[in-house]
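Note sheet for the following structure.
Start at 1 with the first residue, then count along the sequence.
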Amino acid sequence: MNVLFEEDGHFRAGSVMTDSVSSLQVELPSGKRSKVKAAHVLLRFTSPEPSALLAAAEAQAAELDAPFLWEVCGDDEFAFEELAREYHGAAPTAVQSTAVLLGLHAAPVYFHRKGRGRFRKAPPDILKAALAGLEKKRLQQEQIEHWSAELQAGRTPPEIAACSAQILYKPDRNRLETKAVEAAAVAAGLSVVGIMARAGAFASSHEYHLGRFLFEYFPKGTDFPTHEVPPVGELPDAGVRAFSIDDATTTEIDDAFSVRPKEGGGWRIGIHIAAPSLAIQPGTPLADIARGRLSTVYFPGRKITMLPDEAVEAYTLAEGRDCPALSLYLDVETDLRITAKETRIDRVNVAANLRHHAIEPLFNDDTLAAGDLPAFEWRDELLLLWRLAEVLEAGRGKPSANSGQMDFNFYVDWAQSTEDGEGRVDILRRARGSPLDKLVAELMIVANNTWGADLRDAGIPALYRAQGAGKVRMTTVAAPHEGLGVDCYAWSTSPLRRYVDLVNQWQMITLLRGEPPVFPPKSEALLSALRDFELVYAAYADFQRSMERYWCLRWLRQRAADGDASPLSAIVLRESLIRLEQIPLVLRCPSLPARDPRSRVEVEVEQIDLLGNDARARWVGDLAALAGAAAVSEEELAEEIAEAELPPDTPPAEAPLPEVTPAAPESGEAD
């Protein structure tokens, strides 16, 4: 005797070895023996052999017409053998009965299972809905296959192009478009990004990386909503000629300086900060725009400003104009002591916008050390301010720790193109802590410290930067900034590009005018702005670092395309981690032999992946230490290693820097 039974959701056939009331011992065609409950037995038969039953039944089941079976069976529950007898018009064979069982089991749309071997036909309305669902799935699958074929052929269907950003950056795997892209990627042996790139879903690798950032932080685009730029109104004339010091690409000129001799000796030095807060009032469209963006986004070759271009143009400290400003005046004696400070709201004549590339060849460490500066306009003012900066730096007890280190400025020429798309990058080295950097930084520290203290002493809330135990944080309570050596530090000197500075400037102006503060004590709006700014500012800085890494990889590919295949020099950070000397790029070098940190080596860069924002280096040989190179302290090396311990597609962290990554933030903060 043989039996057909169900086990673990599968139909099996075997020979009965022993048979009791409740269970059977069955030997399968494979030789395996199983104990089968009697209730699980669906059919007993003598022929054919168990090994042939299911194969023959499956062949017959494939010929059964499920819709016909549904038509001929009754509405009541039935056993499969009953339907087999009615279908064949006589007692069915084991193969015929099993074929009907398999046919019913394979058509759940037409027949609902009610128990082992028992079924009931689906009600007409339910069957109609189920068939409609099947037809919908069939059409959807055809659509997926069509889109997948188009993608594999290098074409992006319009439907996929319309939602390509979501597919790339936040895929919804229930959407047909996402399923089609993933199917095409599997068929082509590529990643989703790879198949989309091959199909032309985005113009270049740069557009892919920029698109990811915009998708998350600017989902409605970077265009500004409707707004108007209000005038500032009448202000007293400062009676000075001021000048700014910035990189050539800077358009949001927040700060300028003036020097005026005092009767009896000494000078009155002015630190003049752009004052958009005099015109932009909280709750107005421009204020809401600034609150929404919180900061200008900087990345090589481009930026996304916090304020519209018209507002920047109206309030920036542009050359040849009288500009509204919040000014801090320092009375400086001939021995460079500061004897008095005064803050005023006034209108300042900006006589010049000095640029680093024009001034640094004349005013640098070498020319200052020689003691014979060449003659140029503003030479005497710059020399005085630099001497004062030296005194201020010493007074803080925090001399520059970055002397001898290099910063890198990125310049992208969008008029040129390479095989990787629009833009050709130049990465220029610039010594950190240059006299111009120190001059600006120290005067900004004075302003941010002075105004923070004024607000603190007046009991007016402000947004402060504090540092303790090495950790920098934002706070509404004035606290020491150990890294700068000051008792409090409130960002106030970049109101055109940071919302925090705009908030602090609003608070400072109400103090000067004797008005109630815009944000009173325990203001929830102030706390909300602080929390949002910290998160957004960190995200913007991460994006800037990521794009700097991307352009470093582009620079390497440009170099190879120009025929330069020579090895690159690098510094060992730890184990297989190196940092190139020519550009600020940290890479893994798996082939690097054991070398001490700070060792110099030669490497070749390979496997550059612009979409993955990564590359690998291969060790070529060792290099001797540079003569006269500045020693790197244990603390600096540990910090650099910690910054480099990031996912492979993330560059090492650096302090958020404006514009083209100058030596220090224009605010002068050194952390």
Side-chain angles (χ1 to χ4, degrees), residues 143-223 297-304 410 412-425 539-540 542-558 560-561 585 607-615 647-651:
Q143 183 68 80
I144 290 172
E145 292 172 357
H146 171 70
W147 285 340
S148 177
E150 287 286 287
L151 289 165
Q152 292 177 63
R155 297 183 293 269
T156 303
E159 298 86 348
I160 289 180
C163 59
S164 61
Q166 183 181 46
I167 294 172
L168 287 168
Y169 309 128
K170 192 178 180 181
D172 178 359
R173 290 182 168 81
N174 292 320
R175 293 191 61 159
L176 300 185
E177 294 86 349
T178 304
K179 293 179 180 179
V181 172
E182 292 179 343
V186 171
L190 298 171
S191 65
V192 167
V193 177
I195 194 68
M196 293 284 276
R198 195 174 76 174
F202 47 86
S204 65
S205 52
H206 182 272
E207 182 178 310
Y208 165 72
H209 291 293
L210 177 58
R212 177 187 294 278
F213 174 75
L214 297 179
F215 180 81
E216 182 172 359
Y217 291 98
F218 293 87
K220 297 180 181 179
T222 58
D223 292 338
V297 185
Y298 294 98
F299 54 103
R302 292 177 181 169
K303 63 182 176 181
I304 303 170
F410 292 74
V412 180
D413 183 357
W414 294 105
Q416 298 189 57
S417 296
T418 68
E419 61 180 348
D420 298 315
E422 291 183 349
R424 182 177 180 85
V425 65
Y540 289 0
D542 285 344
F543 173 64
Q544 178 183 343
R545 290 191 291 268
S546 176
M547 293 308 293
E548 288 176 357
R549 182 177 180 85
Y550 168 81
W551 282 107
C552 284
L553 299 179
R554 285 279 295 264
W555 182 89
L556 290 171
R557 287 177 58 84
Q558 285 175 197
L585 182 63
Q607 301 180 23
I608 297 176
D609 179 6
L610 293 179
L611 292 175
N613 212 19
D614 196 17
D649 61 346
T650 307

Evaluate E182 against V192 for side-chain contact (heavy atoms from CB on, under 4.5 Å), listing each step before the verdict.
CA-CA 6 Å; E182 292 179 343; V192 167; 4.1 Å; yes
Please lay out, stage by stage, how F202 and L210 fare under the test side-chain contact (heavy atoms from CB on, under 4.5 Å).
CA-CA 11 Å; F202 47 86; L210 177 58; over 6 Å; no
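Take H209 and apply the ring-ring contact (aromatic ring centres under 6.0 Å, His included) test, not counting sequence neighbours, and it matches Y550.
For the side chain to side chain contact (heavy atoms under 4.5 Å, CB included) test with I167, the passing option among V193, D172, I160 is I160; the others fail. Screening D614, D609, L585 against L553 for a side chain to side chain contact (heavy atoms under 4.5 Å, CB included) leaves a single residue, L585.
Counting all heavy atoms, side chain and backbone alike, E422 lies closest to W414 at O-CZ3, 3.6 Å. Summarising the geometry of P157 relative to L151, their closest heavy-atom pair is CD-CD2, 4.0 Å, with the distance given to 0.1 Å. The two residues R549 and N613 have their closest heavy-atom pair at NE-O, 3.0 Å. Smallest separation of non-hydrogen atoms from S148 and A180: CB-O, 3.8 Å. Across all their heavy atoms, A187 and Q152 have their closest contact at CB-OE1, 3.5 Å. Heavy atoms only, all atoms of each residue included: F299 and M547 are closest at CB-CB, 4.0 Å.
With hydrogens and angles disregarded, no donor-acceptor distance shorter than 3.5 Å links the side chain of D420 to the backbone of S205. A donor-acceptor distance shorter than 3.5 angstrom exists from the side chain of S164 to the backbone of A161, with no hydrogens or angles considered. Counting only distance, with no hydrogens or angles, the side chain of R554 and the backbone of R424 share no donor-acceptor pair below 3.5 Å. The main-chain N or O of E177 is never found under 3.5 Å from a side-chain atom of W147 such that the two would form a donor-acceptor pair.
Once rounded to the nearest 0.5 Å, the distance linking CD of E207 with CG of L214 reads 9.5 Å. Rounded to the nearest 0.5 angstrom, R198 CZ and T156 OG1 are separated by 11.0 Å. With rounding to the nearest 0.5 Å, the separation of NE2 in H146 from CD in E159 is 7.5 Å. To the nearest 0.5 Å, atom SG of residue C163 and atom NZ of residue K170 are 14.5 Å apart.
Ring geometry for W551 against H206 counts as tilted: the plane angle lies between 30° and 60°, on a 0 to 90° scale.
The closest side-chain heavy-atom distance from T418 to R557 is not below 4.5 Å. With a 4.5 Å cut-off on side-chain heavy atoms, F213 and I304 count as touching.
Within the structure, every pair that satisfies the ring-ring contact (aromatic ring centres under 6.0 Å, His included) test and touches residues 167-197, not counting sequence neighbours, is listed here: Y169-Y208, Y169-F215.
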Enumerate, atom names and distances included, each donor-acceptor pair closer than 3.5 Å involving a side-chain atom of residues 216-223, sequence neighbours excluded.
none

